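Worksheet: the structure to be examined is printed underneath.
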Amino acid sequence: MRSKKISQILEHSEFWSEYHLCTLTTMRPDGSPHVVPVGVTVDADAGVARVITRKSSKKVANIAAGGSEARVAVCQVDGGRWATLEGTAEVLTDAAAVALAVARYADRYGRTPAPDPERVVIEITIDRAMGLTVLPRPTATSPAARA
């Protein structure tokens, strides 16, 4: 039997496989949120989400400042459909972890990022999943086209 956490993630797994820009929220040392656009991949079976980035980024610095219990959230929205995953984050630098994250990113987003020697992976161990993803997908028309 799957854990409740995995079941919650799987409930929204199809939505997390669609092409969407997401946000990552980390906490600055002063406690204020730092929210940035990112690409996210989700491995529901492992209970983790991954974000590739540069080791010099503010998000990596915020996670490092938070230590082993650094809390983060990733979110994506599409019309009225949305999903958020929360958990603890760690920054991985080993080549195998980076390669796996880049491959998963390429699968989800349809392009392989250019090589970057500064690339690291933010791996989020998910402990909370929430969202509303059962609504119909919005149409592709823009607000200007509907006017």
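Atom set for the values below is all heavy atoms of this structure, side chains included, hydrogens, waters and symmetry mates excluded. On a predicted model such as this, the values are computed, not experimentally measured, just so you know.
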Exercise. Are Thr93 and Lys55 linked by a side-chain donor-acceptor pair shorter than 3.5 Å?
Worked result: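 There is no such pair (donor and acceptor under 3.5 Å, judged by atom type) between the side chains of Thr93 and Lys55.
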For this session: Verify whether one side chain among Tyr105 and Arg111 offers a donor that lies under 3.5 Å from an acceptor in the other.
Result: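 Indeed, the side chains of Tyr105 and Arg111 share at least one donor-acceptor pair under 3.5 Å.
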Heavy-atom distance under 4.5 Å between the side chains of [X] and [Y], does that happen here?
X      : Y      : result
Arg54  : Val60  : no
Glu18  : Arg81  : yes
Leu92  : Val120 : no
Ile124 : Thr88  : no
Gln76  : Leu21  : no
Thr25  : Cys75  : no

Exercise. Any ion pair linking Arg104 and Asp107 (charged N to carboxylate O, less than 4.0 Å)?
Worked result: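 Between Arg104 and Asp107 there is no salt bridge, as every charged N stays at least 4.0 Å from the carboxylate O atoms.
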For this session: Mind checking the NE2-CE spacing from His12 to Met130? Nearest 0.5 Å is all I need.
Result: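 Reported value, rounded in 0.5 Å steps: 9.0 Å.
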Problem set entry | Separation of Ile126 CD1 from Glu86 CD (nearest 0.5 Å) |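 Separation between the atoms: 10.5 Å.
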Identify every side-chain donor-acceptor pair in residues 32-42 under 3.5 Å, counting partners at least two apart or on other chains, and give the distances.
from, atom 1, to, atom 2, distance (Å)
Ser32, OG, Arg28, NH1, 3.2
Ser32, OG, Asp30, OD1, 2.6

For this session: Keeping the roles fixed (side chain from Arg119, backbone from Val102), state whether a donor-acceptor pair exists under 3.5 Å.
Result: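 Side chain of Arg119 to backbone of Val102: no pair is present.
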Problem set entry | Aromatic plane relationship, His20 with Phe15 - under 30° parallel, 30 to 60° tilted, over 60° perpendicular |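 Geometry flag for His20 against Phe15: tilted rings.
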